[in-house]
Amino acid sequence: MRLHEYYFENLGGKGALDKGGKLFKKMSDSFGSYEDWEKDFRAVGAMRGIGWGVLYQDSASGALCNCWINEHDVGHLAGCHPILILDVFEHAFMIDYGLKRPDYIAAFFKNIDWKAAEGRLK
Ligand SMILES: [Fe+2]
């Protein structure tokens, strides 16, 4: 339930990520650039199998990392807080996109509510 709450909360945005904001800076610090973060996150979401793509913030270091979660209740990283959630179970995309998961992920990126995601940063 909680992952779906995060997922729907971080959808419905209309604008791009603020390049002067703290999330953009954290992505650049952790991945080298925003573009490198996005490339990695898209690849995580397109991995074989069903599950979740999660951008986490490590509460100890403050660094960001992308992670694949297969089940709602298994595999979450200790001490990490979800910042952005992508649902990649079939029910999230099969009806509209069939096997074209990258097209679903592209649509997801066009509709991210970056303010909601940024608001989760510590
Ligand atoms: Fe779902």
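Just so it is clear, the structure is predicted and the values come from calculations on it, not from any experiment. Every number for a ligand or one of its atoms is a count from 1 in the order of the listing.
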| message | Assess the residue pair Phe89 and His72 against the criterion (ring-ring contact (aromatic ring centres under 6.0 Å, His included)); give the C-alpha distance rounded to whole Å, side-chain angles, the decisive distance to 0.1 Å, and a yes or no. | response | CA-CA 11 Å; Phe89 275 82; His72 299 65; 5.3 Å; yes
Under 2.8 Å from the Fe ion (ligand 1), how many protein N/O/S atoms do you get? Just the number, please.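 Total protein N/O/S atoms under 2.8 Å from the Fe ion (ligand 1): 3.
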Of Lys19, Lys25, Met27, which meets side-chain contact (heavy atoms from CB on, under 4.5 Å) against Leu23?
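The single option meeting the side-chain contact (heavy atoms from CB on, under 4.5 Å) with Leu23 is Met27.
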* Asked: Taking side chain as C-beta onward, heavy atoms only, is Asn10 less than 4.5 Å from Ile85?
  ->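 With C-beta onward as the side chain, the pair touches.
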**Request:** For Leu77 and Asp58, run side-chain contact (heavy atoms from CB on, under 4.5 Å): C-alpha distance rounded to whole Å, both residues' side-chain angles, the deciding distance at 0.1 Å, then the answer.
**Result:** CA-CA 9 Å; Leu77 302 179; Asp58 177 13; over 6 Å; no
Taking NZ, NE, NH1 and NH2 as the nitrogens, is one of them in Arg42 or Glu38 under 4.0 Å from a carboxylate oxygen of the other?
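Between Glu38 and Arg42 there is a salt bridge, with a charged N closer than 4.0 Å to a carboxylate O.
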> Can you list the steps and then say if Asp18 with Trp114 is a side-chain hydrogen bond (donor to acceptor under 3.5 Å, both in side chains)?
Replying inline: CA-CA 8 Å; Asp18 177 7; Trp114 287 111; over 6 Å; no
